Amino acid sequence: MNIIVLTSSFPRDKDDYKARWILELGQEFVKDGLLPVILCPHVKGSKTYETIDGIEVYRFRYAPERYESLGYGNFLPHEKSSSTIGVLLQYLLNSLLMLSLLFFMFLNLHKLKKKKKAKLIFSNWAFPAGFVSAVYRQISGIPSVLKVYGTDLVFLKRFRLRPLAKYILDKHDAIIAISEYTKACALTFDVDPDRVSVFPVGSNYPIKHCSTFLENFKRKLCLSDRPTIFTVHRLIPLKGTSFLIRAMSKIASVHPDALLVIGGEGPERSMLESLVKSYHLEHNVLFTGLLPNEDLPLLYEACDVYVIPSITDKWGNAEGLGMPALEAMSYGKPVVGFDSGGPGLTITDGSNGFKVPEKDWEAMADRIILLLSDPVLRTKIGANGRSMFDEYRWDKVSHLYTEVLYSAVKG
C-alpha cells in the first residue's frame, strides 16, 4: 500500500541525522508491507528528488533557494532568536514565506497522491504538515494520520490558534503522540483521548564497535582516562546547555580532569563558548559541532554519564521525548536531566538515572559528581536503563504505527 509521509523536517542527505527517525520509520514500514514516499520542503544544498535506502524522497520548492529556510524547525522563534524584537522580525518574514510553503506543500501533495495512487497520508507535526493534510483530508477524503511532538502544539497554543489546532486534530483519522507529555498537550485542545495513541520515536541503537576502534576514537578526541560527560542537541535555549556548563564549574572542582562533550550546533554557540571562558572551563568543555552519524554511537559508548539539560523555555516549549538520552541508555549509560517535559517522565529517579528540579544546576552537578565517583552505581543504573530501552527499539515500536495506519485506511 502506497502512503505519503508528509513532514517539514527530514535528513537533508543520506548522512544527515536531522529527523532521521522519520527515515528509519519509513524503512520499518517497508518491512510491514507499506510503500512510503517522503514529501518535505527543499532546503539549500539538498536534492529535489533522491532515493535514500530505497525510499523515494521528493523535496518541493517554495521560494528562491536562499530563502528556503522554513523547514527543519526554523519557523519556531526559539530556534533563532531569544529577543522579542528578533522574534517579531523573524515571524514577519517567515509568515510571508509560510504562505508560499503551505500552497506548494498542498499542491505537491495532490500531485504526488495522484502519481503514486497513495491510500493514506502520514503527517509529522501539527503545523505546517498537519494543517495541509487536514485540509486535504477534508477536500479529498483520503485517510490521514497525524503524529505530534509537543512543540508544534505549544506553537499553536501560544499564538492563540486554538480553533486552528482543534481543526487540525479533529480532521485526522488518528493521532499519535511521542510521549505521555505530548499526549497531555494534545488533550488540552479537547481531543477525544481514545483517538490519541502514545508511541515513542524508535531507534536502531545500540551500534557497537570493536574495542580497538573505540579506543582510537577516544584518543582522537582526548577522552582516554578522563571522566566524560556527553550531551548532544541543537544549541538553543530550550536545550538548557548553559545550565549544564554552570554545573560543570562545580563538577570540575571535584573532578579536575572531567570533560563535557557538547555535540551539535545552533545560535547559542557563541554565547555558550563565552560562558565556558568566564568559568575558566576551556580544559573541561569540548564543542564538537555537528556530529557525523558514525561518531554519535561512539560518543554514547565512550562517555560515563549522559546529560539531557532541557528546560521549559520562555515560549512554553519543552522536550517532547528526548531520544538521545534514551539512546545513551541503550549503551548502559546513566542519564541525568531536569524534571521537565518528556525526559521528566522517562527518567525514573534513582533507577535509570537521576532527575533534578528544573534549572537547578547545582543539584544536577551533585548527581553527576556522584555517578562519576561511584563506578558500581554507574553500572547498576546503566543496566536498568539498558533494560528499559527495549521498548523503544524499532522492531518493538514500528508495528504499533503500522496497525494505526492500516486501521485508518480500513475506516
Side-chain angles (χ1 to χ4, degrees), residues 1-10 19 22-23 25-26 28-30 32-42 48-49 51 55-63 70-71 75 97-149 152-153 155-156 161-177 186 189-192 194-197 199 400-411:
M1 180 175 73
N2 290 335
I3 68 171
I4 297 174
V5 178
L6 190 62
T7 177
S8 57
S9 188
F10 191 74
I22 299 177
L23 174 62
L25 180 56
E28 297 297 323
F29 283 160
V30 173
D32 291 332
L34 298 173
L35 297 175
V37 179
I38 310 296
L39 180 61
C40 58
H42 183 266
T48 54
Y49 172 81
T51 300
I55 295 176
E56 290 186 285
V57 181
Y58 291 82
R59 297 185 180 90
F60 63 89
R61 304 297 304 270
Y62 61 95
L70 291 192
F75 185 69
L97 289 172
M98 182 56 70
L99 294 175
S100 177
L101 184 145
L102 291 171
F103 173 78
F104 284 104
M105 182 180 279
F106 184 93
L107 180 64
N108 283 274
L109 173 61
H110 179 63
K111 290 180 179 179
L112 198 57
K113 186 261 184 185
K114 292 178 64 177
K115 179 179 180 179
K116 297 295 181 180
K117 297 182 173 57
K119 301 297 184 183
L120 178 135
I121 300 169
F122 176 49
S123 287
N124 289 266
W125 289 280
F127 191 87
F131 172 66
V132 170
S133 58
V135 174
Y136 196 73
R137 169 75 174 87
Q138 185 174 17
I139 294 173
S140 69
I142 184 172
S144 297
V145 174
L146 173 65
K147 185 175 179 179
V148 292
Y149 292 80
D152 47 350
L153 300 174
F155 162 76
L156 293 168
L161 298 174
R162 185 180 181 85
L164 176 62
K166 185 162 177 55
Y167 168 81
I168 292 169
L169 296 170
D170 286 346
K171 289 301 178 184
H172 287 86
D173 297 86
I175 301 162
I176 296 174
F189 297 100
D190 299 326
V191 178
D192 180 356
D194 293 336
R195 294 182 58 239
V196 185
S197 302
F199 304 149
L400 300 174
Y401 285 83
T402 305
E403 288 176 4
V404 170
L405 301 190
Y406 274 116
S407 296
V409 173
K410 293 176 182 177

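Since we're looking at a predicted model, the values are computed, not measured.
- Nearest heavy-atom pair across Ile55 and Gly26 is CD1-C, 3.4 Å.
- For Lys147 against Asp152, the heavy-atom pair with the smallest separation is O-OD2, 4.3 Å.
- Ion pairing of Arg137 with Asp173 is present here, as a side-chain N (NZ or NE/NH1/NH2) and a carboxylate O approach within less than 4.0 Å.
- Atom CG of Asn124 and atom OG of Ser9 lie 9.0 Å apart (nearest 0.5 Å).
- Under a 3.5 Å cut-off, the side chain of Asn108 and the backbone N or O of Phe104 do form a donor-acceptor pair.
- Of the candidates Val132, Leu161, Leu146, Ile168 forms a side chain to side chain contact (heavy atoms under 4.5 Å, CB included) with just one, namely Leu146.
- Every residue two or more places apart in sequence or in another chain that forms a salt bridge (charged side-chain N to carboxylate O under 4.0 Å, His left out) with Lys166 is listed here: Asp170.
- Taking the six-membered ring for Trp and the full ring otherwise, the centers of Tyr58 and Tyr49 sit less than 6.0 Å from each other.
- Counting all heavy atoms, side chain and backbone alike, Ser8 lies closest to Pro41 at CA-CD, 3.7 Å.
- Ring orientation note: the planes of Tyr149 and Trp125 are close to parallel, at an angle under 30° on the 30°/60° scale.
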Decide side-chain hydrogen bond (donor to acceptor under 3.5 Å, both in side chains) for Tyr167 and Gln138; before the verdict, give the C-alpha distance in whole Å, the side-chain angles of both, and the deciding distance to 0.1 Å.
-> CA-CA 10 Å; Tyr167 168 81; Gln138 185 174 17; 2.6 Å; yes
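- Considering only heavy atoms from C-beta on, Phe122 stays 4.5 Å or farther from Thr7 through its side chain.
- In terms of heavy atoms, Leu101 sits closest to Pro128 at CD2-CG, 3.8 Å.
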May I have the step-by-step check of side-chain hydrogen bond (donor to acceptor under 3.5 Å, both in side chains) for His172 and Ser133, ending in yes or no?
-> CA-CA 8 Å; His172 287 86; Ser133 58; 2.6 Å; yes
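- Under the 3.5 Å distance criterion, the side-chain polar atoms of Asp192 are matched with a main-chain donor or acceptor of Asp194.
- Residues that satisfy the salt bridge (charged side-chain N to carboxylate O under 4.0 Å, His left out) test with Lys171, not counting sequence neighbours, are absent from this structure.
- Applying the salt bridge (charged side-chain N to carboxylate O under 4.0 Å, His left out) rule to Asp190 yields the partners Arg162; only residues at least two apart in sequence or on another chain are considered.
- Judged by distance alone, with hydrogens and angles left aside, the side-chain atoms of Asn2 form no donor-acceptor pair with the main-chain N or O of Ala118 at under 3.5 Å.
- When every heavy atom of Leu39 is checked against every heavy atom of Met105, the shortest pair comes out as CD2-O, 4.1 Å.
- The NE2 atom of His110 sits 11.0 Å away from the CG atom of Leu112 when rounded to the nearest 0.5 Å.
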Could you walk me through whether Tyr62 and His42 pass the side-chain hydrogen bond (donor to acceptor under 3.5 Å, both in side chains) check?
-> CA-CA 8 Å; Tyr62 61 95; His42 183 266; over 6 Å; no
